[in-house]
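See below for the structure under consideration.
Just so you know, residue 1 is the first one in the sequence shown, and it goes up from there.
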Amino acid sequence: MALTSRSVFVIVVAVCTTALVALQPYAAGYGAFRLTLLEELLMRWKDPTWQHGVLAPFIAGWLVWKRRAELAALPIQGSLAGLGVVLFAMVAYFGGYKANNYYLGAFAVMLFLAGATLAGLGWAHARRLIFPWLMLGFLWPLVFLEDSVSFRLRVLMVETTTWLLNGLGLETLREGTALISAATDSHAAGERFSLKVDGPCSGMRSLFALLMVSALFGYFRQASLPRRLFLFLCGFPLAILANMARLLILIAGTMVLGQDFAVGDQDKEVSTFHFLSGIAVYLVALAGLQGICRLMGTGPAQAIQPAQAIQPAQPLKKPTLPLTVCALAVLAALTACRLSPEVRAGESAGVILELPSAAGRFLGEPLPPDQAEKTLLPEDTQIVKSQYRSPGPPELRDLAQVTLVLAGAERRSIHRPEVCLDGQGWSLIGSRVLPVEIAPGRVLRVRDLLVERQVPDPAGGKKTLRAHYVYWFIGTDVSTPSNAVRVWLSTWDNIARNVNHRWAYAGITLWVTDTLDPQASGQRQRDDAATVRLAEEILRAVVPHFQKDFREK
């Protein structure tokens, strides 16, 4: 039985995509060795936030199958423009391999599928396959969004829920990302309910799944692109409202049934009621989508074109030029990855790996690296830590911990602090870039994270500890508070110079001590603003000792 043009197209694209995704070891991320894109997907899909990605290939395939008769009726008219897209995709694929960047690989694979369709089948096919292609995009976990989007969702939900509860007459206090019942004549603060909104309850787990559902809703329930786009965008506010509904259910359950039954031990294991309340997220969101669809209607009916007679596809006697070029481009990219030398480690650094024993009014005491740091980071990673304290009794003393990390050969030596802070029990409350004048006319831009966690209270309960964590990245001749900028600069070095830019990382931890006893904390009471001023003072005192571009000439 002779192969048809479409059969050859499917076979060539399937083989090429399999090689790109499943055969080529691609990126290590913060790991010790490269994983294929498929191995990365299988690892990320274990996280409930991204489990919906497993369904994306099946949904995309089903959408194509539903239009199989319409696609079979279209003429095959390959476009040279598609070859340009394929070639660009393979350059991006190789660049992502050199840069050790999973996201560039995902982008390249998606771009290859679009370009190959355009080159092998033509514009008519590409237009009809754009929605299945977009749905396939939900396949890829966008983990880099977790910190920024999750944090903003948490803050928005907590603020809105606090406003709603107070509006309903249930006086509620907001402490960071926690909702606490206000004190009344008959109840102490937090006695009626105390609910902390952590990362898993931020809405991230449902947001992207609901966006995928809203896209399908719009595609099948609306007739025009603007109306479909509007319904898709409704997924964002619906995800927030649905998670707010879950918070209200948990609060009501706590007030009626008790904290242990409704929430469970938030530090160890949530209750069955807490787990089942997650179903409300999807029920509320789906009801919202259905309600919006009813209000919108389906829109004006589109003109239906007369159906064309379906002609059987012609047998393909020899491979077509576009598919041959696509296959050769993939082969060239894979060969380049295999033969390209590994990126060499940079030799120079922008820091002197030594913290001063005295800086300004502060005296430093060296601290050993944590055991977790020794275990998780490569052996050639260098770490120095010191605790700085000002003289005087506890009620007048200031304390701060300074950490300096110099990367080794592997990329995982340096990463965003947000990755570790969550594992240490800290929750992110705020993030901003803070400009600090180290010397007249010389400004250092750092990132200031406001974090909090629950700590034991001397009375036997728990209290909230807040802290500022200030950090920045230091390259050979540049520093930046942005991990995205650091990654971009490293990517350029990897590709253009075959050098892994040797980055250093500096961080300062300072507690907000206005609620702590000086005798217990060992330092004076400081509010949030005073703690930030202290951070600026320590930066001016310490940075010129180790950061080369701020050292006195």
Side-chain angles (χ1 to χ4, degrees), residues 14 16-61 92-113 135-151 198-212 278 333-334 337-338 342-343 372-373 375-378 381 407-424 483-484 487 490-491 494 500:
C16 290
T17 304
T18 300
L20 294 171
V21 173
L23 299 182
Q24 173 59 46
Y26 193 74
Y30 294 121
F33 53 88
R34 294 182 187 267
L35 302 175
T36 66
L37 293 175
L38 179 59
E39 288 172 329
E40 180 78 18
L41 287 174
L42 293 175
M43 179 180 68
R44 295 297 181 185
W45 285 342
K46 295 178 182 178
D47 185 341
T49 304
W50 306 107
Q51 284 178 347
H52 64 275
V54 178
L55 300 176
F58 299 100
I59 293 173
Y93 185 87
F94 176 69
Y97 172 83
K98 294 296 292 183
N100 196 17
N101 191 303
Y102 147 82
Y103 300 105
L104 268 177
F107 168 77
V109 171
M110 292 298 294
L111 203 59
F112 166 76
L113 291 173
M135 292 302 299
L136 188 62
F138 285 101
L139 169 80
W140 307 99
L142 304 179
V143 183
F144 68 93
L145 293 176
E146 287 188 1
D147 293 322
S148 57
V149 175
S150 175
F151 160 65
D198 291 318
C201 298
S202 66
M204 276 292 293
R205 288 186 175 180
S206 55
L207 175 60
F208 289 97
L210 290 175
L211 287 177
M212 185 165 68
L334 294 174
C337 292
R338 293 283 182 173
E342 284 294 330
V343 176
E373 293 171 332
T375 303
L376 295 175
L377 297 177
T381 305
E410 294 185 28
R411 177 185 175 186
R412 65 191 177 109
S413 299
I414 296 289
H415 56 261
R416 293 173 294 115
E418 292 88 338
V419 173
C420 294
L421 289 174
D422 185 65
Q424 296 169 5
N483 186 63
V487 170
S490 295
T491 298
N494 292 167
N500 192 16

L42: partners by side-chain contact (heavy atoms from CB on, under 4.5 Å), with sequence neighbours left out: L38, W45
Checking Q51 now: which residues fulfil side-chain contact (heavy atoms from CB on, under 4.5 Å) with it, not counting sequence neighbours? P48
Closest non-hydrogen atoms of P57 and V54, given as atom of the first, atom of the second and distance, are CD-O, 3.3 Å
To check you understand the geometry: which heavy-atom pair defines the closest contact between V21 and T36, and what is its length? O-CB, 3.5 Å
Between atom [atom1] of [X] and atom [atom2] of [Y], what is the distance when rounded to the nearest 0.5 Å?
X    : Y    : atom1 : atom2 : result
M135 : L55  : CE    : CG    : 9.5 Å
Y102 : E39  : OH    : CD    : 13.0 Å
L334 : L20  : CG    : CG    : 5.5 Å
I59  : M212 : CD1   : CE    : 4.0 Å

Under 3.5 Å, is there a donor-acceptor pair linking the side chains of R34 and Q24? no
List the atom pairs, donor and acceptor, that lie under 3.5 Å between side-chain atoms in residues 104-111 and the rest of the protein, sequence neighbours left out.
none

Below 30° counts as parallel, above 60° as perpendicular, anything between as tilted: where do the rings of W50 and H52 land? tilted
Partners passing ring pair (Phe, Tyr, Trp, His ring centres under 6.0 Å) against Y26 (at least two apart in sequence or in another chain):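 Y26: ring pair (Phe, Tyr, Trp, His ring centres under 6.0 Å) contacts with Y93.
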